[in-house]
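Below is one structure, written out as structure tokens; the observations come after it.
Below, all heavy atoms of this structure are taken into account, side chains as well, without hydrogens, waters or symmetry copies.
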Amino acid sequence: MSEEAARKVRALACWRGPVEPQPLGGGISNHNFLVDHEGARYFVRIGEDFLVHNVLRRFELAASCAAHAAGVSPEVVHAEPGAMVFRYVEGRTLAPEDLRSETMLARVVPLVRAAHRAIPAHFRGPTPIFWVFQVLRDYG
């Protein structure tokens with residue numbers, strides 16, 4: 001865990017008292033934390049723009065807000081440069097065998113469909129995207 005990132009979490013303007021961020025795994029270009037505050041749980045991402053990988057946090061924020069409006073992502077409750085705070089959603093990473101289940105597929109397919117069809121309707125302003133094929137082409 002980056003102590004500097006944890007300090008940034010503690011200093012966010014959205015808290016009305018002291019918080020103690022708990023580090024979470026994952027995140028390639030950011031540090032992830034779970035925060036309990038005033039009876040609610042929050043997921044916090046700390047990360048700056050990562051230009052070599054075309055990661056621009058202002059567009060990530062726009063995409064996250066559009067995904068929430070489309071019903072496929074938790075709400076962003078606070079954002080400031082280098083940080084985003086989301087309502088926490090209990091869950092787990094799906095394994096390949098999970099997606100072989102008809103029951104799970106029946107839950108996942110509508111979310112993927114909404115990600116492609118509904119999210120774009122909620123974007124405002126410029127909407128550059130992180131497209132892995134463009135990133136790889138750009139690397140080349």
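Although no hydrogens or angles enter the test, the distance criterion places no donor-acceptor pair under 3.5 Å between the side chain of Glu80 and the main chain of His78. A donor-acceptor pair under 3.5 Å is formed between the side chain of His68 and the backbone N or O of Ser73.
Contact check for Ile46 versus Asn30: no side-chain heavy atoms found under the 4.5 Å cut-off. Residues Lys8 and Leu12 have side chains not in contact (no heavy-atom distance under 4.5 Å, counting atoms from C-beta outward).
For the residue pair Leu105 and Leu99, the shortest heavy atom distance occurs at CG-O, 3.3 Å. Taking every heavy atom of both residues into account, Tyr88 and Tyr42 meet most closely at CB-N, 3.8 Å. Here the closest non-hydrogen pair linking Val108 and Leu94 is CG2-CD1, 3.9 Å. Scanning both residues, Phe33 and Pro21, for their nearest heavy atoms gives CD2-CB, 3.6 Å. Across Arg41 and Leu34, no two heavy atoms sit closer than the pair NH2-CD2, 3.0 Å. Between Gly17 and His37, the closest heavy-atom pair is N-CE1, 3.7 Å.
Residues Val85 and Leu24 do not share a hydrophobic cluster, clusters being chains of Ile/Leu/Val/Met/Phe/Trp/Tyr side chains in contact below 4.5 Å. Trp15 and Val77 end up in the same hydrophobic cluster when Ile, Leu, Val, Met, Phe, Trp and Tyr side chains are linked at under 4.5 Å.
Atom CD of Glu20 sits about 6.0 Å away from atom CD of Gln22, to the nearest 0.5 Å. His31 NE2 to Glu4 CD: the interatomic distance, rounded to the nearest 0.5 Å, is 8.0 Å. Note that CE of Met84 and CZ of Phe43 are 9.0 Å apart. Values are rounded to the nearest 0.5 Å.
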Throw together a table of side-chain donor-acceptor distances under 3.5 angstrom for residues 57-66, partners on residues two or more places apart or in other chains.
from: Arg57; atom 1: NE; to: Gly47; atom 2: O; distance (Å): 3.4
from: Arg57; atom 1: NE; to: Glu48; atom 2: O; distance (Å): 2.9
from: Arg57; atom 1: NH1; to: Glu60; atom 2: OE1; distance (Å): 2.8
from: Arg57; atom 1: NH2; to: Ser29; atom 2: O; distance (Å): 2.6
from: Arg57; atom 1: NH2; to: Ser29; atom 2: OG; distance (Å): 3.1
from: Arg57; atom 1: NH2; to: Glu48; atom 2: O; distance (Å): 3.3
from: Glu60; atom 1: OE2; to: Arg45; atom 2: NH1; distance (Å): 2.7
from: Glu60; atom 1: OE2; to: Arg45; atom 2: NH2; distance (Å): 2.9
from: Ser64; atom 1: OG; to: Glu60; atom 2: O; distance (Å): 3.0

Residues Asp36, Val19; criterion side chain to side chain contact (heavy atoms under 4.5 Å, CB included); working and verdict: CA-CA 7 Å; Asp36 291 304; Val19 296; over 6 Å; no
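Residue Glu97 places its CD atom among more than 12 non-hydrogen atoms of other residues, nucleotides or ligands, all under 6.0 Å distant.
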